[in-house]
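None of these values were measured; they are calculated from a predicted model.
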Amino acid sequence: MVATGSLSSKNSANISELLDHGFHPGSLLNDFDYWDYVVPEPNLNEVIFEETTCQSLAKMLENCLSKSKQTKLGCSKVLVPEKLTQRIAQDVLRLSSTEPCGLRGCVMHVNLEIENVCKKLDKIVCDSSVVPTFELTLVFKQENCSWTSFRDFFFSRGRFSSGLRQTLILSSGFRLVKKKLYSLIGTTVIEEC
């Protein structure tokens, strides 16, 4: 139904009929006040908590890469695309939002795919006091850059070799696999980003 015109353009008989049936011009405002109670305002504490959680999760991922660079990756530097760890953290939070314990019930296995081979980097337990309800497997991907491969090949064969590959460049793409641990259906969600 579309209403056009204004109340003042109607004849006075119709106006008095509306007033007799209980319509009062001030009640229109009360009808709009109804939405103030139905649609809640965003909870700023919840938004701040989610942002803080996202930042700390991104920091955990960065620390994982930092610890792994010399021990498991054999390089002196890992270059991570801007905002990659924040994007991953947001996806992890989104995938954990439907879980009974949320992020606290998550165990995350962090891997790196280099030339179609996955290397295990670390295992992150979000809250060790909670029994895990789901697992996430995060797979970082190496940037396919011919110059980097050529440079590493050249320097590893020559006198400049120090036993470590100099720089590992990560791709902006990643894979996130979610596996529910205590589900009758045993659902697995695979997201390629």
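Contact annotation: the side chain of I124 approaches that of L61 to within less than 4.5 Å [non-hydrogen atoms, C-beta and beyond]. Annotation: side chain of R94 is not in contact with side chain of Q90 (no heavy-atom distance under 4.5 Å). Counting only heavy atoms from C-beta outward, the side chains of D127 and L103 never approach each other to under 4.5 Å.
Only one option out of R175, K120, K141 pairs with E113 in a salt bridge (charged side-chain N to carboxylate O under 4.0 Å, His left out); it is R175.
Tracing side-chain contacts under 4.5 Å through hydrophobic residues (I, L, V, M, F, W, Y), one reaches M60 starting from L112; they form part of the same cluster. Side-chain heavy atoms closer than 4.5 Å link hydrophobic residues (I, L, V, M, F, W, Y) into clusters, and following such links, possibly through other members, connects M108 to V80. Hydrophobic clustering, with ILVMFWY side chains joined whenever heavy atoms are under 4.5 angstrom apart, groups I114 together with L65.
At least one donor-acceptor pair closer than 3.5 Å links the side chain of K119 to the backbone N or O of K72. Judged by distance alone, the side chain of T167 and the main-chain N or O of K77 form no donor-acceptor pair under 3.5 Å. Between the side chain of S66 and the backbone N or O of E62, no donor-acceptor pair lies under 3.5 Å.
Residues C54 and Q86 come closest through the heavy atom pair SG-O, 3.9 Å. Between A58 and A89, the shortest heavy-atom contact is N-CB, 4.0 Å. The minimum heavy-atom distance linking L121 with C64 is given by the pair CB-SG, 4.3 Å. When every heavy atom of R87 is checked against every heavy atom of S172, the shortest pair comes out as NH2-O, 2.9 Å.
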- Message: Apply side chain to side chain contact (heavy atoms under 4.5 Å, CB included) to residues E135 and L181 and explain how you reach the verdict.
- Response: CA-CA 7 Å; E135 287 182 344; L181 297 177; 3.8 Å; yes
- Message: Evaluate T85 against L57 for side chain to side chain contact (heavy atoms under 4.5 Å, CB included), listing each step before the verdict.
- Response: CA-CA 8 Å; T85 55; L57 187 55; over 6 Å; no
- Task: Start with the C-alpha gap between V107 and K123, add the side-chain angles, then the distance that decides, and say whether side chain to side chain contact (heavy atoms under 4.5 Å, CB included) holds.
- Result: CA-CA 7 Å; V107 172; K123 176 177 152 181; 3.8 Å; yes
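Note that SG of C75 and CD1 of I169 are 10.5 Å apart. Values are rounded to the nearest 0.5 Å. Separating the CD atom in Q70 from the OG atom in S76 is a distance of 7.0 Å, to the nearest 0.5 Å. Atom CG of L79 sits about 8.0 Å away from atom CG of L170, to the nearest 0.5 Å. T133 contributes atom OG1, which lies 13.0 Å from atom NZ of K179 (distance to the nearest 0.5 angstrom).
Applying the side chain to side chain contact (heavy atoms under 4.5 Å, CB included) test to T137 and every residue at least two apart in sequence or in another chain returns H109, N111, V139, V177.
With F134 as the aromatic partner, K178 meets the cation-pi criteria of under 6.0 angstrom to the ring centre and within 45 degrees of the ring axis.
Salt bridge absent: R104 and E99 never bring a charged side-chain N and a carboxylate O closer than 4.0 Å.
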